[in-house]
Undergrad: 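I am attaching a structure below and will ask some questions about it afterwards.
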Protein chains: 2
Amino acid sequence: MSSDNDALEAACRSLEGVCDDVEGTVDALTEQRPAEDRVATQAAVFGALANEHRVRILEALRDGERCACELQVVLEAPQSTVATHLRRLRETGLIKGRKKGKWTYYRIADTAALELLDIGAAVDVPESD
Amino acid sequence: MSSDNDALEAACRSLEGVCDDVEGTVDALTEQRPAEDRVATQAAVFGALANEHRVRILEALRDGERCACELQVVLEAPQSTVATHLRRLRETGLIKGRKKGKWTYYRIADTAALELLDIGAAVDVPESD
DNA sequence: ATCATAAATCGAGAAAATACAATATGAGTT
DNA sequence: AACTCATATTGTATTTTCTCGATTTATGAT
């Protein structure tokens, strides 16, 4: 009830200088607020993609399935590290594993992953200065 | 040169059980490896999206610009917290700020951000069990 | 059953991201 | 000038993620 609300009240006060109908604006902002689970899903998916190793895994799965040991070669990383990233992608529903004997073959589970990779790659990120 | 290479060699050895032409497979994997800067861009973009606050900010900017104080109302978070997230999105090139007097109005800089949000929201993330 | 191998999981230290109070900056106002 | 207000930045405590050796599990071979 203290600083958190103080900050919100201050923000609402400054709204007065921005729009004539503060209440209306707040209502509009509140109305178009996305559903909780939508935002949670989005953050989870992007979190799964927010790592170079995991991006490389998905890119390697573009044209078909690969077994875990192949992905280990792609990443040039220790086995447990690769397995950890594979799990994260699996748990987010972006890839699927198929067990065949001693080997596990992974493939893209949702082609949305590849769309995301392409769109994300096309963003013009300003160089850090 | 020790454990890192040991792990890689082990992975390559296990490849022998997967394909007949190990060298060829490794070459193929190496060739289709995406460029460094592509992966870096992708990870940076998805990192910027990998946060519920930042997702909410972008969703709020869908139908036009909003000033920082409006976004503060949307997030129900302290001013410095909101400013920090705005900076991250700005530095990644996803939003742009326009200063007008005391206020700063933010807008989507790259509509790819909205595409990403929509595609990401449609992914079926299995519930954590 | 024993052994070898591929992959998953565990656990702990290191690194990165986040929250947010405090402070600084910069523009308008008096 | 001094003051007020909106926003940006800084500093630091906290939380989350990442890494990877060690261990376990699962499968096939001898």
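So that the names make sense, note that chain A is the first sequence line, chain B the second, and so on, each numbered from 1. Hydrogens, waters and symmetry mates play no part in the numbers below; they use all other heavy atoms, side chains included.
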Undergrad: A/Arg54 or B/Tyr105: which one's nearest nucleotide on DNA chain D is closer to the 5' end?
TA: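 Mapping each residue to its closest nucleotide by heavy atoms, the 5'-most match is B/Tyr105.
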Undergrad: Could you check which residues of residues 57-72 of chain B get a heavy atom under 4.0 Å from DNA chain C? Sort them by number, please.
TA: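 Output list: empty, so none.
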Undergrad: Output the rounded distance in Å from CZ (B/Arg56) to P (C/dA19).
TA: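 One finds 11 Å between P of C/dA19 and CZ of B/Arg56, rounded.
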Undergrad: Kindly compute the distance separating OH (A/Tyr105) from SG (A/Cys67), expressed to the nearest 0.5 Å.
TA: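 Rounded to the nearest 0.5 Å, the OH-SG separation comes out at 5.5 Å.
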Undergrad: Please confirm whether the backbone N or O of A/Ala113 pairs with a side-chain atom of A/Asp110, one donor and one acceptor, at under 3.5 Å?
TA: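 Judged by distance alone, no pair lies under 3.5 Å.
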Undergrad: In whole Å, I'd like the distance from the OH atom of A/Tyr106 to the P atom of C/dA6.
TA: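 Atom OH in A/Tyr106 sits about 15 Å away from atom P in C/dA6.
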Undergrad: Rounded off to whole Å, could you give me the CZ-to-P distance for the B/Arg13 and C/dA7 pair?
TA: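 Those two atoms, CZ and P, are 13 Å apart.
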Undergrad: For B/Cys19 and B/Thr25, which heavy atoms make the closest approach, and how far apart are they?
TA: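 Closest heavy-atom pair between B/Cys19 and B/Thr25: SG-OG1, 3.1 Å.
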Undergrad: Can you find a donor-acceptor N/O pair under 3.5 angstrom joining the side chain of B/Gln79 to the base of D/dA6?
TA: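 Looking at the base of D/dA6, it does not pair with any donor or acceptor on the side chain of B/Gln79 (distance under 3.5 Å).
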Undergrad: Just do the side chain to side chain contact (heavy atoms under 4.5 Å, CB included) check on B/Leu114 and B/Leu61 with the steps written out, would you?
TA: CA-CA 9 Å; B/Leu114 300 180; B/Leu61 296 179; over 6 Å; no
Undergrad: What's the CH2-C1' distance between A/Trp103 and C/dA7, to the nearest Å?
TA: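 After rounding, the gap between these two atoms is 12 Å.
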Undergrad: Take atom CG of B/Leu75 and atom C1' of C/dT18, then tell me their distance rounded to the nearest Å.
TA: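 Atom CG in B/Leu75 sits about 13 Å away from atom C1' in C/dT18.
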Undergrad: Between B/Ile119 and A/Ala112, what is the shortest heavy-atom contact and its length?
TA: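 Reported closest heavy-atom pair: CG2-CB, 3.6 Å.
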Undergrad: What nucleotide, of D/dC18, C/dA8, C/dC20, holds the atom closest to the side chain of A/Asn51?
TA: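 Minimum distance to the A/Asn51 side chain belongs to D/dC18.
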Undergrad: B/Glu52 CD to C/dA19 P: how many Å, rounded?
TA: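 Those two atoms, CD and P, are 10 Å apart.
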Undergrad: Enumerate, atom names and distances included, each donor-acceptor pair closer than 3.5 Å involving a side-chain atom of residues 46-56 of chain A, sequence neighbours excluded.
TA:
unit_1: A/Asn51; atom_1: OD1; unit_2: A/His53; atom_2: N; d: 2.8
unit_1: A/Asn51; atom_1: OD1; unit_2: A/Arg54; atom_2: N; d: 3.1
unit_1: A/Glu52; atom_1: OE1; unit_2: A/Arg56; atom_2: NH2; d: 3.2
unit_1: A/Arg54; atom_1: NE; unit_2: A/Ala48; atom_2: O; d: 2.6
unit_1: A/Arg54; atom_1: NH1; unit_2: A/His85; atom_2: ND1; d: 3.1
unit_1: A/Arg54; atom_1: NH2; unit_2: A/Gly47; atom_2: O; d: 3.1

Undergrad: Report the distance from atom NE2 of B/His85 to atom C1' of C/dT18, rounded to the nearest whole Å.
TA: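 Taking NE2 of B/His85 and C1' of C/dT18, I get 7 Å after rounding.
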Undergrad: Tell me, please, which residues at least two apart from A/Leu86 pass side-chain contact (heavy atoms from CB on, under 4.5 Å).
TA: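 Counting only residues at least two positions away or on another chain, A/Leu86 forms a side-chain contact (heavy atoms from CB on, under 4.5 Å) with A/Ile57, A/Ala68, A/Leu71, A/Val82, A/Ile95, A/Tyr106.
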Undergrad: Which residues in residues 86-102 of chain A have at least one heavy atom lying under 4.0 Å from any atom of DNA chain D?
TA: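 When residues 86-102 of chain A is checked for heavy atoms under 4.0 Å from DNA chain D, the hits, listed by number, are A/Arg88, A/Lys99, A/Gly101, A/Lys102.
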Undergrad: Can you tell me how far CG of B/Leu58 sits from CD1 of B/Ile108, rounded to the nearest 0.5 angstrom?
TA: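 It is 5.0 Å, given to the nearest 0.5 Å.
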Undergrad: Please check if the side chain of B/Thr81 supplies one atom and the backbone of B/Ala77 the other of a donor-acceptor pair under 3.5 Å.
TA: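 Absent.
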Undergrad: Answer with yes or no whether B/Ser80 presents, from its side chain, a donor or acceptor under 3.5 Å of a partner atom in the base of C/dA21.
TA: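 Looking at the base of C/dA21, it does pair with a donor or acceptor on the side chain of B/Ser80 (distance under 3.5 Å).
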Undergrad: When the distance from CD of B/Glu16 to C1' of C/dA6 is rounded to whole Å, what number comes out?
TA: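 It is 14 Å, rounded to the nearest whole Å.
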Undergrad: Out of curiosity, A/Gln72 CD to B/Cys12 SG, how far, rounded to the nearest 0.5 Å?
TA: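 The SG atom of B/Cys12 is 8.5 Å from CD of A/Gln72, to the nearest 0.5 Å.
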Undergrad: Measuring from A/Leu117:CG to A/Leu94:CG, what's the distance to the nearest 0.5 Å?
TA: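 With rounding to 0.5 Å, CG (A/Leu117) is 9.0 Å from CG (A/Leu94).
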Undergrad: Which pairs with one or both residues in residues 57-68 of chain B pass side-chain hydrogen bond (donor to acceptor under 3.5 Å, both in side chains), sequence neighbours excluded?
TA: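 Passing the test, one end in residues 57-68 of chain B: A/Arg38-B/Glu59, A/Gln42-B/Glu59, B/Glu59-B/Arg62, B/Arg62-B/Asp118, B/Glu65-B/Arg98, B/Arg66-B/Glu70.
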Undergrad: Would you mind classifying the nucleic acid contact of B/Thr81 as base, sugar-phosphate or nothing, using non-hydrogen atoms under 4.0 angstrom?
TA: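 The residue B/Thr81 makes base contact.
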Undergrad: Describe, as an angle rounded to 10 degrees, how the axis at the first end of the helix from C/dA1-D/dT30 to C/dT30-D/dA1 is tilted relative to the axis at the last end, five pairs per end.
TA: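 So the angle between the two local helix axes works out to 20°.
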Undergrad: Return the 5'-most residue of the pair A/Ala83, B/Ser14 with respect to DNA chain C, ranking by each residue's nearest nucleotide.
TA: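 By nearest-heavy-atom nucleotide position, the 5'-most residue is B/Ser14.
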Undergrad: For the side chain of B/Pro78, starting at C-beta, report the closest nucleotide among C/dC20, C/dT18, C/dA7.
TA: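 The listed nucleotide nearest to B/Pro78's side chain is C/dC20.
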